[in-house]
Asker: 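Sharing a structure here in structure tokens format.
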Amino acid sequence: MPELPEVETIRMGLGQLLPGRTIKSVDVDANSAKSFPNASALVRKYLVGAKIIDIERRAKVLIIGLDNDYCLIIHLKMTGQLVFVGASAKTGANKSTDSAETDRWGGGHPTDSLIGALPDRSTRVTVTFTDGSHLYFNDQRKFGWIRLIPKAELPDIDFFRRVGPEPLIGTDFTWPYFRAAIGRRRNTSIKAAILDQSVVAGVGNIYADESLFATRIHPATKAGQVSPAKLKRLWQAIPEVLALAIANGGSTYKNYIDAQGGRGQYLMKYGKVFRREGQACPECGGVIEKIRVAGRGTHFCPACQKLPPAKSVSKPKPKQ
DNA sequence: CACTTGACCTGTCCGC
DNA sequence: TGCGGACAGGTCAAGT
């Protein structure tokens, strides 16, 4: 489940590994055609012989810039991985022997690999460079995708037209902006509102739950019922949580690994509620619960994060 | 337009 | 042990 911090971690890793390399070939798995639509025609025309210039990120999308004014755009969705393997490296050599429970929380050394030899059953696309190194796009559930487009057309892609401001880059994610964007969504839950990529780019299920815990807001609170003080605190907490996650290599729960197969440490070190249902709240000692909000599994502490009181006693309570 | 739900996929886990 | 179903969650299309 790569969210902004995981994608940014991959971006930084690939930024150290890919620029300067020239593509020799690109192979798409026969049963994974949707992972890279129209690849066969595009590869011959624009990819073979192209050199990688840089790696950028917008929201949860990676943009691999080529020296021919085209770029590869990649969305990992839930289970996508991008793993670089050098020409002489043996994958799987340092595959972790930690228990599954440790894997789950991103334990072990950050450079321990979570993967075996590549390509494997989940490999959808393999990029081979002229120096013999490889970039593997693995995606168990095939929701992720790779596309090739001219750089000039990037702003025209539907995803980029819709997506909201970056919370960590630039000056668009201001308090007045956030207050207005949430205000437009006052009748939905605050969690649904911050998961909405047009409100803020890059927040997914993990960081939504952690940001709402950090601000003591019940995830099911109607967006319009969050007090201005708490909303402002949430506006501050989102970039703080995301930045701390980036500093810790993102979060590994199940599938996420970085560009060299390493895990993220954030959830184990700093995670408070996500996937900790039944455990004690680190702040108050109460029991963390899991409910369903905005169609997602949602984790929170019922003692720390209370719904605001109902407006009227004569109105029936909202159904749980 | 705001908002919700289902579809896209596959691997895993849980209950019978 | 096998088997069916629920679940995981990012985004878009289609629904209310």
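Below, chain A is the first sequence line, B the second, and so on; all start at residue 1. The shown structure was predicted, so the numbers you read here are calculated from the model rather than taken from an experiment.
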Asker: Could you check K142(A) against N31(A) for side chain to side chain donor-acceptor pair (under 3.5 Å), going step by step and ending with a plain yes or no?
Answerer: CA-CA 10 Å; K142(A) 298 185 179 179; N31(A) 296 315; over 6 Å; no
Asker: Is R161(A) close enough to dC12(C) that one of its side-chain N or O atoms is under 4.0 Å from OP1 or OP2 there?
Answerer: no
Asker: For atom P, what is the distance between dT11(C) and dG11(B), given to the nearest Å?
Answerer: 22 Å
Asker: Quick check for you: among dG11(B), dA2(B), dA8(C), whose closest atom lies nearest to any side-chain atom of R121(A)?
Answerer: dG11(B)
Asker: In whole angstrom, what separates L195(A)'s CG from dG10(C)'s P?
Answerer: 7 Å
Asker: Out of dC9(B), dC12(C), dC3(B), which has the shortest distance to the side chain of R185(A)?
Answerer: dC3(B)
Asker: Does R162(A) count as lying over the ring of F160(A), i.e. NZ or CZ under 6.0 Å from the six-ring centre, within 45 degrees of the axis?
Answerer: no
Asker: Does the side chain of K34(A) get closer than 4.0 angstrom to OP1 or OP2 of dC8(B) through an N or O atom?
Answerer: no
Asker: For F143(A) and dC8(B), say yes or no: do the ring centres fall under 5.5 Å of each other while the ring planes differ by less than 30°?
Answerer: yes
Asker: With no hydrogens and no angle check, just 3.5 Å: does a side-chain donor-acceptor pair link Y253(A) and R275(A)?
Answerer: yes
Asker: Compare side-chain N and O positions of H75(A) against OP1 and OP2 of dG10(C) and report whether any pair is under 4.0 Å apart.
Answerer: no
Asker: Please tell me if R141(A) has a side-chain N or O lying less than 4.0 Å from either OP1 or OP2 of dG10(C).
Answerer: no
Asker: Assign each of F159(A) and M78(A) to its nearest nucleotide of DNA chain C by heavy atoms, then name whichever residue's nucleotide is nearer the 5' end.
Answerer: M78(A)
Asker: Under 3.5 Å for both donor-acceptor distances, Watson-Crick or wobble: does dC9(B) have a partner, and if so which one?
Answerer: none
Asker: Starting at atom CZ of R186(A), determine the distance to atom C1' of dA2(B), rounded to an integer number of angstrom.
Answerer: 9 Å
Asker: Rounded to whole Å, how long is the line connecting atom CD of Q197(A) with atom C1' of dG10(C)?
Answerer: 8 Å
Asker: Across all strands, who's sitting opposite dC3(B) as a Watson-Crick or G-U wobble pair, both distances under 3.5 Å?
Answerer: dG15(C)
Asker: Strictly below 4.0 Å: does R296(A) bring a side-chain N or O up to OP1 or OP2 of dG10(C)?
Answerer: yes
Asker: Ring centres of F159(A) and H75(A) under 6.0 Å apart?
Answerer: yes
Asker: Using whole Å, what does the distance between atom C1' of nucleotide dT11(C) and atom CD1 of I157(A) come to?
Answerer: 15 Å
Asker: Closest to the R292(A) side chain: dC9(B), dC12(C), dC7(C)?
Answerer: dC7(C)
Asker: Does dC9(B) have its OP1 or OP2 closer than 4.0 Å to a side-chain nitrogen or oxygen of Q140(A)?
Answerer: no
Asker: Rounded to whole Å, please give me the gap between CD in E3(A) and P in dA8(C).
Answerer: 14 Å
Asker: Has T188(A) got a side-chain N or O lying under 4.0 Å from the OP1 or OP2 atom of dT4(B)?
Answerer: yes
Asker: Please round to the nearest 0.5 Å and tell me the distance separating atom CG of L307(A) and atom CD1 of I217(A).
Answerer: 11.5 Å
Asker: Rounded off to whole Å, could you give me the CG-to-C1' distance for the D120(A) and dT10(B) pair?
Answerer: 13 Å
Asker: Using atom CZ of F160(A) as one end and atom P of dC12(C) as the other, report the distance to the nearest whole Å.
Answerer: 11 Å
Asker: Can you tell me the distance, in whole Å, between the CD atom of E277(A) and the P atom of dC14(B)?
Answerer: 12 Å
Asker: Can you confirm if the aromatic rings of F173(A) and F178(A) lie within a centre distance of less than 6.0 Å?
Answerer: yes
Asker: Is the phosphate of dG9(C) approached by K77(A) (side-chain N or O, under 4.0 Å from OP1 or OP2)?
Answerer: no
Asker: Please check the phosphate of dA2(B) (OP1 and OP2 only) for any side-chain N or O of N187(A) closer than 4.0 Å.
Answerer: no
